[in-house]
Colleague: 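Here it is, the structure in full.
Please read these numbers as outputs of a predicted model, since none were measured by experiment. Chain identifiers are assigned alphabetically (A, B, ...) following the order of the sequence lines, protein sequences preceding nucleic acid strands; residue numbering begins at 1 within each chain.
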2 protein chains.
Amino acid sequence: MGYQETSYKDKKVISIGVVSELTGLSERQIRYYEERGLIFPERSDRGNRKYSFSDVESLMEIANKIEDGVQTFEIRQEIKRGNKKEDQRSIRKKMLKGQLNAQFGIQQNE
Amino acid sequence: MGYQETSYKDKKVISIGVVSELTGLSERQIRYYEERGLIFPERSDRGNRKYSFSDVESLMEIANKIEDGVQTFEIRQEIKRGNKKEDQRSIRKKMLKGQLNAQFGIQQNE
DNA sequence: CGTGTAAGGAATTCTGACACG
DNA sequence: CGTGTAAGGAATTCTGACACG
């Protein structure tokens with residue numbers, strides 16, 4: 001029992017409407033990120049998108065990056081490289097951080 | 001990281017259509033088991049049912065019991081008692097099993 | 001580039017009911 | 001009792017496109 005804990009996280013069962021609620025993103029944004037190759041939902045028999053909890057988490061990370069001004073193609077690169085801890089994004093983000101905090105005190109995940 | 005592994009299992013995010021696919025049960029059956037107090041999906045803003053992976057598992061167990069001839073009110077009892085390993089149902093089931101198999105393996109209302 | 005929106009259609013879900021048994 | 005189904009409506013999702021910037 002419990003050997004499948006992880007499978008729940010990766011099972012594609014959530015509709016786009018619920019993903020929208022969970023992430024706070026619009027359906028338009030979610031579909032767009034798929035179009036740009038950032039997430040890969042499955043499809044039901046009739047073509048409806050189905051997402052996993054992993055996808056939901058990825059989307060939240062993607063949303064953060066977009067806010068930081070990272071473009072979708074860059075994010076796609078990171079994904080292909082295996083999303084290293086210290087990649088371009090993180091570096092650029094850190095450089096931005098000082099400015100942002102100084103100007104409006106925006107909070108970033110470090 | 002990982003402290004939320006369990007929450008995935010109980011988060012209500014799956015639509016009835018997907019639950020139907022996952023369990024092999026008809027939507028009619030799934031709604032009926034709710035009506036009988038065996039499962040408790042949440043509702044989206046507009047009233048659509050949302051289930052968790054736990055619900056999906058419960059449904060599969062319920063389906064097995066129904067096949068064994070257990071009635072919904074009995075299953076509800078078990079749920080209220082905390083679903084002990086060796087409850088009345090299991091015991092009766094074992095007693096019935098021999099007869100049923102011997103005769104035809106038919107499912108009965110006791 | 002990233003995202004909003006109106007557009008029209010197809011599929012989903014909901015409830016209450018009749019049916020069989 | 002448990003489950004199928006037809007019924008009508010309301011909400012969901014899909015795609016391709018125009019718009020702004």
Colleague: Testing the 3.5 Å rule here: is there a donor-acceptor pair between the side chains of B/D10 and B/S54?
Modeller: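 Present: a donor and an acceptor within the cut-off.
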Colleague: Output yes when at least one side-chain N/O atom of B/Y33 is less than 4.0 Å from OP1 or OP2 of D/dT3, else no.
Modeller: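 It does, given that an N or O in the side chain of B/Y33 lies less than 4.0 Å from OP1 or OP2 of D/dT3.
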Colleague: With nearest nucleotides of DNA chain C determined for B/I16 and A/Q29 from heavy-atom distances, which residue corresponds to the more 5′ nucleotide?
Modeller: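 Comparing both residues, the 5'-ward one is A/Q29.
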Colleague: Among C/dT13, D/dT3, C/dT3, find the nucleotide with the atom closest to the side chain of B/I66.
Modeller: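 Nucleotide nearest to B/I66's side chain: D/dT3.
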Colleague: Can you tell me how far CD of B/E57 sits from CZ of B/F53, rounded to the nearest 0.5 angstrom?
Modeller: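 These two atoms lie 9.5 Å from each other.
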Colleague: Ion pair present between B/R31 and B/E35, side-chain N to carboxylate O less than 4.0 angstrom?
Modeller: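 Salt bridge between B/R31 and B/E35, a charged N being under 4.0 Å from a carboxylate O: no.
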Colleague: If pairing requires Watson-Crick or G-U wobble contacts with both distances under 3.5 Å, which nucleotide is the partner of C/dA11?
Modeller: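 Checking every strand shown, C/dA11 finds no partner, since no pair has both distances under 3.5 Å.
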Colleague: Take A/T72 and A/S44, find for each the nucleotide of DNA chain C with the closest heavy atom, and name the residue whose nucleotide sits nearer the 5' end.
Modeller: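 Whichever sits nearer the 5' end wins; that is A/T72.
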Colleague: Please pick, from D/dT12, D/dT13, D/dG2, the nucleotide with the shortest atom-to-atom distance to any side-chain atom of B/R46.
Modeller: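 Closest nucleotide to the B/R46 side chain: D/dT12.
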Colleague: Ignoring hydrogens and angles, tell me if any N or O in the side chain of A/D68 forms a donor-acceptor pair with the backbone of A/K65 under 3.5 Å.
Modeller: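 No, because the side chain of A/D68 does not come within donor-acceptor range (under 3.5 Å) of the backbone of A/K65.
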Colleague: Of all the choices, C/dG2, D/dG2, D/dT15, which nucleotide is nearest to the side chain of A/R43 once you look at every atom?
Modeller: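 Selected nucleotide (nearest to the side chain): D/dT15.
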Colleague: Donor-acceptor pair, distance only, cut-off 3.5 Å: does the side chain of B/R36 make one with the backbone of B/R76?
Modeller: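 No: the side chain of B/R36 does not pair with the backbone of B/R76.
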Colleague: List in numerical order all residues of residues 21-28 of chain A for which some heavy atom is under 4.0 Å away from an atom belonging to DNA chain C.
Modeller: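 Within this stretch, A/S26, A/R28 sit under 4.0 Å of the strand.
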Colleague: Only pairs with both distances under 3.5 Å count, Watson-Crick or wobble alike; so what is the partner of D/dC20 in this structure?
Modeller: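 Its partner is C/dG2.
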Colleague: Ignoring hydrogens and geometry, is there a side-chain-to-backbone donor-acceptor pair from A/E61 to A/S58 under 3.5 Å?
Modeller: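 Checking the backbone N and O of A/S58 against the side chain of A/E61, no donor-acceptor pair under 3.5 Å is found.
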